Amino acid sequence: MGKFIVSLMFLSTAFLKLHSQQFVQTFLNAPGSDSGSVTWIDFDGDGDPDILITGKDASGLSHTYLYENNSEGEFSIISNSGLPGLSFSSVAKGDYNNDGYEDLLMMGNASDASTLTDIYTSNANGSFTAQELDFAKVYDGSCNFTDVNNDGYPDVFLSGFDNLNSVPVSKLYVNDQNGGYTEVSNTGIQPVYSSASAWADFDGDGWQDLFLCGAGFSPDSDIAIVYKNNGDTTFSVMQSLTDVRMADVALEDYDQDGDMDLFYAGYSFSASSRVSFLMRNDEGVFTQVANNIIGVSNPALAWADYNMDGKTDIFVAGAHQLSENQLVAKLYTNTGNDTFEEAEVDFPGLMRADAAWADIDGDTDMDLVYSGTTDISKGNNHTYFFRNDIINDAGGHLNPEKIFIYPNPVQTGLRLSVFNHTFDKLSILNILGQKVWEKRHFNSSNPLRLHSLKPGIYFLRLEENGEILNLRFVKQSSRHPK
């Protein structure tokens, strides 16, 4: 396996100012990707987010590029990763073999026109091994790891176009707990392509439910449906929403009420327009929230708390107008009470794109990468990196020079450097800025027990007297890898 160092060069002319913070465009020698995916993955378990980019390059060939995050501002491109080059692709992460490292579920078109779907297990060194599992070979859709039957093992869901049989499919495969998968028949889920999907327990009954949108064989068979998991590997329609194809979906509890809301966008035949919908979840019932977020098709959607104010914000990129492709990339700030304001930042517009947030430089705020095209016929593809340089004004009660956490990395018990001090609120957020745990009036004499957290990068958020301090830590596996 070979690799060479690529430095992120900070461009002094590319500051995107937003109130008290800046997005700085950085350069990585990653070609633009049309109809691909952007995924952060910590393949080596060192706590730093590495990046995987798939898609079609300017010559029309499918590719997959894996970059290792070495330190602040420095990445290495990994050669001989064992991953296939794919376009019209989807990628999902999960620990398939329970060894503490993130593995990949990948689907899409290869350069030789073949279609691939398989799981690739991480060897923890930048190389992956194909498992050669018997999944349907699909493209132009989405794939997910999910535990559909609550047995603790990752199951697989696929939607997209089955090129071999020339049909759209939606297929569920249950993990047999021995490294293999069994297809479930008669799930009740409609087959679609040009699709997007996401799983969450929408109604709070303890079972993972499904949101699925996409195209059927005719426009009147396009869907956007919330499916209820009946607990027996069958699904029923919980709620039908406005149909979309050429779509993306992003889940987030944006209103912080404890259930997962959804945001989706694409082209709707029934509405005859490019649309976006913010749907608030109230105990399993979704209500459309009026907002000013732009409608786009072939979109990239990604939630993150970019300004570290405790509320998650949304990035949107895609094609806007119907008469011509007006390409946009916009950031909307969550101001609370179901309202979002467009941030005064000028990101370059792309379509047939994907986007992801992560803290690439270890400064506790969310950085952005997105990739797509401006012209399908000419191969004008681009990958953009923007470093988020937020100004941390904490200096009163939450002095970052006096408060730290240890040990870091940590396996089970995390402690604060201050003793017997009660904070107004303490939260743990994942790498996307999503809240995974919260406690009010937390006393620092108590260690934080992290047994339930999966390995990865997290932020400990302290709040007191209106101030916020975010401290980054790495959760390691408490078990020995196999």
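Predicted, not measured: the structure shown is a model, and the values here were computed from it.
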Going through the checks in order, is the salt bridge (charged side-chain N to carboxylate O under 4.0 Å, His left out) test met by K228 and D205?
-> CA-CA 10 Å; K228 177 180 176 59; D205 66 353; 2.9 Å; yes
Evaluate the side-chain contact (heavy atoms from CB on, under 4.5 Å) criterion for residues V184 and V174: first the C-alpha distance (whole Å), next the side-chain angles of each, then the deciding distance (0.1 Å), finally the verdict.
-> CA-CA 7 Å; V184 179; V174 172; 3.3 Å; yes
Could you give me the CA-CA distance, side-chain angles and deciding distance for Y384 and Y370, then say whether ring-ring contact (aromatic ring centres under 6.0 Å, His included) is met?
-> CA-CA 5 Å; Y384 293 112; Y370 64 108; 5.4 Å; yes
Can you list the steps and then say if D338 with R280 is a salt bridge (charged side-chain N to carboxylate O under 4.0 Å, His left out)?
-> CA-CA 8 Å; D338 289 342; R280 186 184 65 238; 2.6 Å; yes
Chi angles and distances behind the side-chain contact (heavy atoms from CB on, under 4.5 Å) call for F473, L448 | CA-CA 12 Å; F473 70 93; L448 288 166; over 6 Å; no
Yes or no on side-chain contact (heavy atoms from CB on, under 4.5 Å) for I428 and F459, after CA distance, side-chain angles and deciding distance?
-> CA-CA 6 Å; I428 295 178; F459 300 100; over 6 Å; no
Could you walk me through whether F347 and F23 pass the ring-ring contact (aromatic ring centres under 6.0 Å, His included) check?
-> CA-CA 9 Å; F347 289 123; F23 282 92; 5.4 Å; yes
side-chain contact (heavy atoms from CB on, under 4.5 Å) between L104 and Y96, worked out = CA-CA 8 Å; L104 297 169; Y96 157 77; over 6 Å; no
side-chain hydrogen bond (donor to acceptor under 3.5 Å, both in side chains) assessment of T115 paired with N109 = CA-CA 5 Å; T115 306; N109 276 346; 3.1 Å; yes
Check against side-chain hydrogen bond (donor to acceptor under 3.5 Å, both in side chains), T373 and N381 | CA-CA 4 Å; T373 186; N381 305 336; 2.8 Å; yes
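Residue W40 is tested with D48, D359, I360, N69 for a side chain to side chain contact (heavy atoms under 4.5 Å, CB included); the sole match is I360.
By the 4.5 Å heavy-atom criterion applied to side chains, D313 and F315 are not counted as neighbours. The closest side-chain heavy-atom distance from N230 to S236 is below 4.5 Å. When side chains are defined from C-beta on, T374 counts as touching H382, because their heavy atoms get closer than 4.5 Å. With a 4.5 Å cut-off on side-chain heavy atoms, F386 and P348 count as touching. Between Y264 and F211, the closest side-chain pair of non-hydrogen atoms falls below 4.5 Å. For the pair D305 and M366, the minimum side-chain heavy-atom distance is 4.5 Å or more. With contacts defined as side-chain heavy-atom distances shorter than 4.5 Å, the pair I189/Y227 qualifies. No side-chain heavy atom of L426 sits under 4.5 Å from any side-chain heavy atom of E438.
N186 places no side-chain N or O within donor-acceptor distance of the main-chain N or O of G188, the cut-off being under 3.5 Å. For E102 (side chain) and D42 (main-chain N/O), a donor-acceptor pair under 3.5 Å exists by modelled atom type. At distances below 3.5 Å, not a single donor-acceptor pair connects side-chain atoms of D34 with backbone N or O atoms of G372. Judged by distance alone, the side chain of T335 and the main-chain N or O of T339 form a donor-acceptor pair under 3.5 Å. One N or O on the side chain of S90 and one on the backbone of C143 form a donor-acceptor pair closer than 3.5 Å. Checked by atom type and distance alone, the side chain of H320 pairs as donor or acceptor with a backbone atom of G295 at under 3.5 Å. A donor-acceptor pair under 3.5 Å links the side-chain atoms of S276 to the main chain of I293, judged by distance alone. Checking side-chain atoms of T312 against main-chain N and O of W303 turns up no donor-acceptor pair under 3.5 Å. A side-chain donor-acceptor contact under 3.5 Å links N175 to the backbone of P154. No side-chain donor-acceptor contact under 3.5 Å links N229 to the backbone of W207.
At a cut-off of 3.5 Å, with distance as the only test, a side-chain donor of D243 or S270 sits close to an acceptor on the other residue. A donor-acceptor contact closer than 3.5 angstrom is absent between the side chains of T146 and D155. Between S142 and S197, the side chains place a donor N or O and an acceptor N or O closer than 3.5 Å (distance only, hydrogens not considered). In summary, the side chains of T333 and Y306 do present a donor paired with an acceptor at a separation below 3.5 Å, with no hydrogens or angles considered. Looking only at atom types and distance, the side chain of S159 has no donor-acceptor partner in the side chain of S170 under 3.5 Å away. Judged purely by distance below 3.5 Å, without hydrogens or angles, the side chains of T54 and S89 pair a donor atom with an acceptor atom.
In this structure, CG on N334 lies 8.5 Å from CG on D255, to the nearest 0.5 angstrom. Distance OG/S87 to NZ/K56: 5.5 Å, rounded to 0.5 Å. For the atom pair L158 CG and S195 OG, the distance stands at 9.5 Å (nearest 0.5 Å). Atom CG of residue L429 and atom CD1 of residue I457 lie 13.5 Å apart, to the nearest 0.5 angstrom.
Between D253 and K435, none of the side-chain N atoms (NZ, or NE/NH1/NH2) sits under 4.0 Å from a carboxylate O, so this pair counts as no salt bridge. The pair D103-K93 does not count as a salt bridge, with every side-chain nitrogen at least 4.0 angstrom from each carboxylate oxygen. A salt bridge is absent between R352 and D140; no separation between the charged side-chain nitrogens and carboxylate oxygens falls under 4.0 Å. The pair R245-D222 meets the salt-bridge criterion, with a side-chain N (NZ, NE, NH1 or NH2) lying under 4.0 Å from an Asp/Glu carboxylate O.
In plain terms, the two heavy atoms of L86 and T64 that are nearest each other are N-OG1, 3.6 Å. Residues N281 and F202 share a closest heavy-atom pair of ND2-O, 2.9 Å. Taking both residues in full, the closest heavy atoms of E464 and D424 are given as CA-OD2, 3.2 Å, listed atom of the first, atom of the second, then distance. Scanning all heavy atoms of the two residues, the minimum distance from G284 to M238 falls at O-SD, 3.5 Å. The heavy-atom pair separating T117 from F135 by the smallest distance is CG2-CB, 3.8 Å. F286 and M260 make their closest contact through CE2-O, 3.9 Å (heavy atoms, listed as atom of the first residue, atom of the second, distance).
Separation of the F385 and W357 ring centroids does not fall under the 6.0 Å cut-off.
Identified under the side chain to side chain donor-acceptor pair (under 3.5 Å) test for residues 285-294, with sequence neighbours left out: none.
Atom CD of E342 has more than 12 neighbouring heavy atoms from other residues, nucleotides or ligands inside a 6.0 Å radius. A 6.0 Å sphere centred on CG of D232 holds more than 12 heavy atoms belonging to other residues, nucleotides or ligands.
Using cut-offs of 30° and 60° for the angle between ring planes, the F217 and F161 rings count as perpendicular.
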